[in-house]
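A short worksheet on the structure shown next.
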Amino acid sequence: MQRRTAANPHAGSRTCAATSPDISVHFQARKKLSSKRATALCRARDDDSVASTSGRSNLMTQLLRGPRPDLFQAHPKMRQLHHILRGNHSHLRGLERPLGIVVIPAYVWGTVSSLLGLHLALPVLSGAAVGGLFAAMNRFCNRRVWPAPRQPITVVITGGSRGLGKALAREFLAAGDRVLITSRTQEAVDLAVSELREEVAAGTLGTRGSVDDEEDAGSGKSHPQVVGVACDVSEPAAVAAVEAAALGAFGRVDAWVNNAAYSGSFQAMLEQRDEQIEQVVHTNLLGTLLCTRQAISLFGRQCGGGHVFNMDGAGADGFPTPNYAAYGATKAGITHLTATLQRELAGTPVRLHTVSPGMILTDLLLEGATTANKQAFNILCEHPETVAAFLVPRIKSAVAREASGTYTRYLTPTSALMRLATAPARLGRFFDGSGRAVYPSERDRILGRHAKVTARRQAAARRQNGGLALAYNLSVLAGVLVMLAEAPMLRG
């Protein structure tokens with residue numbers, strides 16, 4: 001090898017000449033890499049300097065925002081802190097409500113007693129005891145009196161393409177339930193189903209956070225399960241087709257709401273045409289009879305039975321209904337029908353209930369209404385979505401409790417008297433002095449600029465603990481009045 005090298009004295013120079021460009025490229029790459037590392041190191045030093053100047057607040061920010069995993073692998077206490085800050089404490093959700101019920105009377109009574117110069121311990125302990133009593137009562141009512149079904153239920157709603165029926169369907173769908181609605185024509189049913197899907201999906205996305213969105217995606221709330229069937233409730237074959245469609249779509253039915261109704265014209269009995277009277281009787285009375293019979297047959301065969309909810313109305317209480325004679329007669333007949341079937345079906349898994357929605361601002365009510373009637377509507381009426389928000393939680397509670405014979409009433413005598421007492425503040429809500437409508441359309445109330453106002457009214461209507469909340473507030477006020485009466489500075 002030495003001879004070969006000596007014999008070719010230019011071989012080394014050729015090798016050096018061939019490798020010198022590679023070496024230069026290599027050194028240039030090393031130089032660039034060193035510069036990049038230096039830049040990264042400088043940036044890291046700058047970040048460290050900024051982090052050091054931020055102090056403890058920046059550390060807490062990193063902890064709360066989810067810092068790097070290696071930070072919590074250093075010490076077991078740090079890992080425990082990570083689990084506390086980032087853990088999913090689902091079992092603690094809702095705990096702030098009973099704690100607030102206990103703390104508020106203790107805090108209020110303790111503050112008042114300290115201001116009045118009274119002993120602090122007894123008012124604080126008394127307030128906590130009163131708050132604990134109401135918290136226990138609220139918990140008992142939520143579990144025994146106002147429970148919600150643990151699983152989504154399936155509901156059939158006749159007359160669900162508009163008015164109260166559509167509002168009931170929307171409320172059930174918003175709660176994650178499955179709904180089948182009916183109407184006379186397929187066009188009306190298809191339109192209602194399309195609108196319900198749009199409204200419920202928009203409401204779900206607009207009121208949920210990112211975490212709840214993931215939960216709703218898994219539970220199906222973001223994709224409303226609603227189907228529609230064209231049905232004339234006065235035709236037995238059409239009613240049987242509703243049962244077949246519900247079983248085919250959902251497999252079972254838990255509740256059947258007989259909502260389809262027709263009021264006829266606001267006229268004296270002699271002025272009404274034969275067709276109007278027939279339609280009122282066929283839709284209201286015959287339709288309820290046929291649908292109730294079909295639901296009873298279904299629930300008798302179905303495992304676990306089911307619930308039938310019949311709607312009453314003007315005339316159901318036995319009072320006369322001038323200019324609505326046929327309508328009042330049919331509603332009185334529905335009341336008698338429900339009471340009779342409750343006796344017949346006692347001891348069976350079929351349960352019948354009565355729902356009284358009150359006066360609802362729908363086309364059914366406004367047909368033939370005079371200007372004087374519309375002024376009364378300002379005081380006693382309500383929009384369908386508000387009434388539905390009141391009725392649906394109570395209907396679902398009856399289903400969850402497996403109750404029978406419940407009577408859910410929106411416009412009670414007490415609430416009617418309260419509305420009459422506040423009549424001056426209610427004038428002009430829906431109609432002006434000339435009877436012209438001034439309220440927004442249904443779409444504007446649900447999806448438009450009035451959606452937030454509607455949501456607040458619905459949230460207030462859904463609450464079932466109004467009486468208990470009133471008693472709680474009066475108890476706190478009574479304790480304050482007692483301390484004021486016993487204050488030495490006031491008595492002297």
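The shortest distance between side-chain heavy atoms of L361 and F431 falls below 4.5 Å. Under the 4.5 Å side-chain criterion, counting only non-hydrogen atoms from C-beta, V280 is not in contact with Y324. A heavy-atom distance below 4.5 Å is found between the side chains of T362 and P384. Residues F309 and L168 are not in side-chain contact: their nearest non-hydrogen atoms beyond the backbone lie 4.5 Å or more apart. Using a 4.5 Å cut-off on side-chain heavy atoms (C-beta onward), T158 and W256 make contact. The shortest distance between side-chain heavy atoms of V226 and R197 falls below 4.5 Å. Between V355 and V257, the closest side-chain pair of non-hydrogen atoms is not below 4.5 Å. Side chains of K396 and V392 form a contact here, defined as non-hydrogen atoms less than 4.5 Å apart.
By the 6.0 Å contact criterion, CD on E275 is enclosed, its count of non-hydrogen atoms from other residues, nucleotides or ligands being greater than 12. Dense packing is recorded around CZ of R301, with more than 12 heavy atoms of other residues, nucleotides or ligands lying under 6.0 Å away. Summarising the local packing, CZ of F319 is surrounded by 12 or fewer heavy atoms from other residues, nucleotides or ligands at distances under 6.0 Å. Counting non-hydrogen atoms of other residues, nucleotides and ligands closer than 6.0 Å to OH of Y262 gives a total above 12.
A donor-acceptor distance shorter than 3.5 angstrom exists from the side chain of T288 to the backbone of N284, with no hydrogens or angles considered. At least one donor-acceptor pair closer than 3.5 Å links the side chain of N373 to the backbone N or O of T370. Using a distance-only test at 3.5 Å, with no hydrogens or angles considered, no donor-acceptor pair links the side chain of S415 to the main chain of L411. Looking at S297, its side chain never comes within 3.5 Å of a backbone N or O of R293 through a donor-acceptor pair. Looking at S194, its side chain never comes within 3.5 Å of a backbone N or O of L191 through a donor-acceptor pair. Not a single donor-acceptor pair under 3.5 Å links the side chain of Q302 to the backbone N or O of R252. Between the R351 side chain and the G405 main chain, no donor and acceptor come within less than 3.5 Å of each other. Put simply, the side chain of N310 never gets that close to the backbone of T354: no donor and acceptor are under 3.5 Å apart. Checked by atom type and distance alone, the side chain of T182 pairs as donor or acceptor with a backbone atom of G159 at under 3.5 Å. Within the 3.5 Å criterion, the main-chain N or O of R445 finds a donor-acceptor partner in the side chain of T454.
For the atom pair CD1 (I104) and CG (L99), the distance works out to 11.0 Å, reported to the nearest 0.5 Å. A distance of 4.5 Å separates CE of M311 from CG of N259, quoted to the nearest 0.5 Å. Separation of atoms CZ (R170) and NZ (K166) is listed at 6.0 Å; rounding is to 0.5 Å. Taking CG of L173 as the reference point, atom CD of Q225 lies at 9.0 Å (rounded to 0.5 Å). A distance of 10.0 Å separates CZ in R419 from CD1 in I379, rounded to the nearest 0.5 Å. Once rounded to the nearest 0.5 Å, the distance linking CG of D177 with CG of D254 reads 8.5 Å.
Looking at E198 and R443, a side-chain N of the basic residue comes within less than 4.0 Å of a carboxylate O on the acidic one, giving a salt bridge. Ion pair E235/R184 not flagged as a salt bridge, since none of the NZ, NE, NH1 or NH2 atoms sits closer than 4.0 Å to an Asp/Glu carboxylate oxygen. Using a 4.0 Å cut-off between charged side-chain N and carboxylate O, E385 and R457 make no salt bridge.
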Please determine whether side chain to side chain contact (heavy atoms under 4.5 Å, CB included) holds for the pair E382 and R429, giving the CA-CA distance in whole Å, both sets of side-chain angles, and the decisive distance to 0.1 Å.
CA-CA 10 Å; E382 197 54 74; R429 290 178 65 209; 3.3 Å; yes
Step by step, work out the side chain to side chain contact (heavy atoms under 4.5 Å, CB included) result for F172 and I395.
CA-CA 10 Å; F172 277 113; I395 291 175; 4.0 Å; yes
Show, in sequence, the C-alpha distance, side-chain angles and deciding distance for L341 and V308, and conclude whether the side chain to side chain contact (heavy atoms under 4.5 Å, CB included) test is met.
CA-CA 11 Å; L341 292 178; V308 181; over 6 Å; no
Could you please spell out the steps behind the side chain to side chain contact (heavy atoms under 4.5 Å, CB included) verdict for T292 and L352?
CA-CA 9 Å; T292 302; L352 276 84; 4.2 Å; yes
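The two atoms that bring K331 and D312 nearest to each other are CD-C, 3.9 Å, heavy atoms only. Considering every non-hydrogen atom in both T422 and M418, the closest pair reads OG1-O, 2.9 Å. The two residues L289 and L337 come nearest to each other via the heavy atoms CD2-CD1, 3.5 Å. Considering every non-hydrogen atom in both A255 and V399, the closest pair reads CB-CG2, 4.4 Å. The nearest pair of heavy atoms linking I277 to Q272 is CG1-OE1, 3.6 Å. Nearest heavy-atom pair across P393 and A388 is CD-O, 4.3 Å.
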Under 3.5 Å, sequence neighbours excluded: what are the donor-acceptor pairs made by side chains of residues 463-481?
| residue | atom | partner | partner atom | Å |
| --- | --- | --- | --- | --- |
| Y472 | OH | I101 | O | 2.8 |
| N473 | ND2 | A469 | O | 3.2 |
| S475 | OG | A471 | O | 2.8 |

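A cation-pi contact links R394 to F390, judged by a cut-off of 6.0 Å to the six-membered ring centre and 45° from its axis.
Taking the six-membered ring where the residue is Trp, the centroids of H307 and F299 are separated by 6.0 Å or more.
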